[in-house]
Amino acid sequence: MLNHDVTQLLINGQRRASSDGGTRTITHPADGHEVATFAEATAADTTAAIEAARAAFDGGHWGSFTGEQRSKILSQVADILERDKEIFASAESEDTAKRIVEARYDIDDVISVFRHFATKANELHERDINVGRDGIRSTMVTEPIGIVAMITPWNYPLLQASWKIAPALATGCTFVIKPSELTPSTTSLLMNSLSEAGVPDGVANIVFGAGATAGGPLSVHPDVDMVSFTGGLATGKRVMANAAETVKRVALELGGKNPNIIFADADLDAAIDNALTAVFLHSGQVCSAGARLLVERSVHDRVVDEIARRADHIVLGGAYDDDAESGSLISAAHRDKVEAYVNAAVAEGATLRAGGVRPSGEQFTNGYFFRPTVLDNCTTDMTCVQDESFGPVLTVEVFDTEAEAIALGNDTIYGLAGAVWTTDDDKAQRVARKLRHGTIWINDYHPYVAQAEWGGYKQSGVGRELGDAGLAEYLEHKHIWHNLVPARSEWFRTMEGSN
Ligand code: TXE
């Protein structure tokens, strides 16, 4: 059970109730028990949080911290997360119904993100430029962009928050974060860790609640310099349009419809096993899920028969159920959406090879479970191939040539991630370079590191998280031209003595 203070808004270092006393109770997606009741921010609360972040940026002593000091704080946050790993993992699992083993992996990832950006805070140095003229000192200075509004989703709540918070603090920004109304616990716990590590009051602020009200001011308020959003495409477009009014910088991560391409010459045993993990990890609620299988015709039957057989054997269950291999979906609304997507796919002509139903059994009645589903005989024009289900649903298409595999893999409005399975290294590299997606795995699926940029081409988003580009999102670049020997420019004729 969370401490009461963690369920309150954090504005300028003070935990407080919502200004209208509103609350929202979070329930466990797998069994419906009450997790906690959080203060539900009004737009006025969020505006107050933005003003606190602005004041901390403009006048607070955060601006006087050196990169080395910020680096130490971020390392300290990582140490605190190591110490409190079990508290964070169990809170993450409670909110998301993620299996506890998966939640522990997530917290390990969060720790590595803070450690990575701790090193980066130390590397923000000025750069002298040789302009080729005597008496000129030319310097490029990097500065924090200012106040960052962060809006995060429910599938990897703390991880997605850390991808924004760690670089923002590394560069010296202040921020207001609004986690998903479904999964606020771990981001709120993190605020206490930041404070314990020495982040001054007002630098890190958190509000909870619905997107349109609690989140509304984040993309429109003139004091916000940048909005970093991870979530659905429709909401992302709205945030971007709102931000355009005051020309804010935007960073968007909006999901994908990611091709997983298996050539006939692949190690099929590994390819099949990883195809299951690619799509069914965390019940498919992963932006980079390999939800679109493209398989070379000659091995289609072998590959799809085995994937469907194994999908039927995946054991669903609760977070602490040792036998369970996968958990429930996040909400009733999301489960309904996934179910409707599968029904529409079958109506469109897809062949149901596995799943397509809610599991039977008393242990599932209060949760939002859905069986891992395989839809065969799909074609690129089908809605189920083009739209993101964000659930445990795999669509299967066949191809005959390398060129066709590439064309199909690129035939999507998204461009987040994809994979290629082949034992021909030259072909693997050729295909990887022609796919228009931000991450390509060859003979693997899912791994990522904080040192490498993450993000999407096309409608999967704008900008990058992680890596050097993920740090640069939070920076302004200023050129200081210093003429050490000032002189007249003499561009215009001057009439000496006249006005
Ligand atoms: O996301 P929303 P939802 C995809 C996935 C899913 C779909 C919808 O396909 O089915 O999006 O999911 C906040 N101003 N992804 O409805 O609405 C909201 O409160 C400011 C992909 O859950 O995008 C939450 O904090 N904020 C994705 C956040 O936006 C607003 C992960 C995301 O919610 C707002 C999750 C507004 N007007 C879903 N409206 C990924 N890229 O990994 C909502 N929000």
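Counting starts at 1 for both ligands and their atoms, following the listed order.
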Peer 1: Under the ring-ring contact (aromatic ring centres under 6.0 Å, His included) rule, what pairs show up with a residue in residues 222-255, not counting sequence neighbours?
Peer 2: none

Peer 1: Between the side chains of S18 and T42, is a donor N or O closer than 3.5 angstrom to an acceptor N or O?
Peer 2: no

Peer 1: Please list all pairs meeting salt bridge (charged side-chain N to carboxylate O under 4.0 Å, His left out) that have one or both residues in residues 436-462, counting only residues at least two apart or in different chains.
Peer 2: none

Peer 1: Just grab all the salt bridge (charged side-chain N to carboxylate O under 4.0 Å, His left out) pairs involving residues 155-180, residues at least two apart or on different chains.
Peer 2: K164-E465, K178-E181

Peer 1: Select all protein residues for which some heavy-atom-to-ligand 1 distance is less than 4.0 Å, and list them by chain and number.
Peer 2: I151, T152, P153, W154, N155, Q160, K178, P179, S180, E181, G211, A212, G215, F229, T230, G231, G232, T235, R238, E253, L254, G255, C287, H334, K337, E388, F390

Peer 1: When you check the side-chain N and O atoms of S219 and N242, is any donor under 3.5 Å from an acceptor?
Peer 2: yes

Peer 1: Aromatic rings W454 and W441: how do their planes relate, parallel, tilted or perpendicular, breaks at 30° and 60°?
Peer 2: tilted

